[in-house]
Amino acid sequence: MNHWLMKTEPSVFSFEDLVKAPKSTTPWEGVRNYQARNLMRDSIKMGDLVLIYHSNAEPMAVMGVAEVVKEGHPDKSAMDPKSQYFDNDAAKKGTNPWVLVGVKAKSRFTVAVTRDALKKEKGLASMMVLKKGARLSVQPVTCEEFQIILRLGKPEPI
DNA sequence: GCCAACGTTGGC
DNA sequence: GCCAACGTTGGC
């Protein structure tokens, strides 16, 4: 099984929004970056676990864990003019390059694992999310990193 | 195919 | 709000 980290801006869609969604499940739409697209298309599999990270927020933190419940398939929002994620170029061409996965909230951290807390932890020093300028919104996380963050977050089941 | 200019992300 | 770092675009 593989582990991932997905960023979200809580003002747009927060971890609690995911928890409150029907069946605590949502299509992770709106990713418009090819590297992240490739991960969702090729590498992210059913049952993989995902850390949900709040970016551009107070606090910046990992808020909980989600599970992949649907593997890569077309992100239809790219072709929907009414969607905030509409991709005009893709729509004009008539081919949709964008892919999403379905995620379901699995556990909520009783202790939000803040960016500062991540930085303080020796075993997390090489995490992509901590690198300056790292913008990839879907990132791989090692099993060791995942376990450390789980220990810090003291998760409770949803 | 290079690379400068641009728009966006996201920490600070 | 600022701006560094990044990915993408488009002229050549």
Side-chain angles (χ1 to χ4, degrees), chain A residues 2-21 26-44 48-66 68 71-103 105 107-142 144-146 148-155:
Chain A
N2 289 310
H3 300 85
W4 310 94
L5 178 146
M6 289 179 173
K7 295 187 206 170
T8 184
E9 298 197 23
S11 61
V12 179
F13 190 85
S14 70
F15 182 72
E16 284 308 310
D17 291 333
L18 173 60
V19 171
K20 285 189 216 121
T26 199
W28 202 256
E29 60 182 22
V31 175
R32 298 289 178 266
N33 168 284
Y34 286 104
Q35 213 179 328
R37 188 279 311 262
N38 293 346
L39 289 174
M40 291 198 288
R41 188 189 59 192
D42 306 330
S43 304
I44 300 184
D48 282 359
L49 296 177
V50 181
L51 299 166
I52 304 296
Y53 175 83
H54 281 180
S55 65
N56 251 324
E58 182 52 48
M60 289 176 275
V62 180
M63 306 304 287
V65 178
V68 176
E71 291 183 6
H73 58 288
D75 180 352
K76 293 201 182 72
S77 69
M79 310 302 265
D80 175 6
K82 292 190 289 293
S83 168
Q84 60 176 318
Y85 303 118
F86 179 58
D87 179 344
N88 194 40
D89 293 342
K92 262 192 290 184
K93 281 185 205 145
T95 56
N96 183 3
W98 302 117
V99 166
L100 58 71
V101 297
V103 296
S107 62
R108 176 195 284 111
F109 284 178
T110 57
V111 184
V113 182
T114 62
R115 187 174 180 84
D116 285 345
L118 294 173
K119 282 185 187 165
K120 281 186 191 133
E121 214 39 53
K122 267 236 165 66
L124 304 180
S126 57
M127 281 190 80
M128 201 181 288
V129 72
L130 296 180
K131 300 276 187 275
K132 196 174 177 185
R135 294 163 56 166
L136 193 59
S137 63
V138 177
Q139 312 177 355
V141 171
T142 68
E144 291 74 18
E145 290 163 348
F146 188 88
I148 292 171
I149 293 168
L150 212 58
R151 175 169 53 73
L152 295 173
K154 305 188 192 314

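Protein chains get the first letters and strands the later ones, always in sequence-line order, with residue 1 at the start of each.
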In whole angstroms, how far is the [atom2] atom of [N] from the [atom1] atom of [X]?
| X | N | atom1 | atom2 | value |
| --- | --- | --- | --- | --- |
| A:N38 | C:dG7 | CG | P | 13 Å |
| A:Y34 | C:dG7 | OH | P | 14 Å |
| A:N88 | C:dT9 | CG | C1' | 15 Å |
| A:L136 | C:dA5 | CG | C1' | 14 Å |
| A:K7 | C:dA5 | NZ | P | 15 Å |
| A:N33 | B:dT8 | CG | C1' | 11 Å |
| A:Q139 | B:dT9 | CD | P | 15 Å |
| A:K131 | C:dA5 | NZ | C1' | 15 Å |

Report summary line: Between the NZ atom in A:K122 and the CD1 atom in A:I148, the distance rounded to the nearest 0.5 Å is 11.5 Å
Requested in this report: Evaluate whether atom NZ of A:K131 has more than 12 neighbouring non-hydrogen atoms of other residues, nucleotides or ligands under 6.0 angstrom away.
Outcome: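 Atom NZ in A:K131 is crowded, with more than 12 foreign heavy atoms closer than 6.0 Å.
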**Report entry** side-chain hydrogen bond (donor to acceptor under 3.5 Å, both in side chains) involving A:Q35 - partner list, sequence neighbours excluded
**Finding:**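 Counting only residues at least two positions away or on another chain, A:Q35 forms no side-chain hydrogen bond (donor to acceptor under 3.5 Å, both in side chains).
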OP1 or OP2 of [N] sitting under 4.0 Å from any side-chain N/O of [X]?
| X | N | answer |
| --- | --- | --- |
| A:Y53 | B:dG11 | yes |
| A:K119 | B:dC12 | yes |
| A:R115 | B:dC12 | yes |

Report summary line: The nucleotide from C:dA5, B:dC12, B:dG10 with an atom nearest the side chain of A:K132 is C:dA5
Query raised in the report: Quick one: which of C:dG7, B:dG10, C:dT8 gets closest to the side chain of A:Q35?
Result: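 Out of C:dG7, B:dG10, C:dT8, the nucleotide with an atom closest to A:Q35's side chain is C:dG7.
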Query raised in the report: Given the rule in the side chain to side chain contact (heavy atoms under 4.5 Å, CB included) test, do A:I149 and A:E121 qualify, once you have shown the distances and angles that lead to the verdict?
Result: CA-CA 9 Å; A:I149 293 168; A:E121 214 39 53; over 6 Å; no
Query raised in the report: Starting at the 5' end of DNA chain C and moving along, which residue's nearest nucleotide shows up first, A:D89 or A:G133?
Result: A:G133
Query raised in the report: Can A:D17 and A:S14 be counted as having a side-chain donor-acceptor contact under 3.5 angstrom?
Result: yes
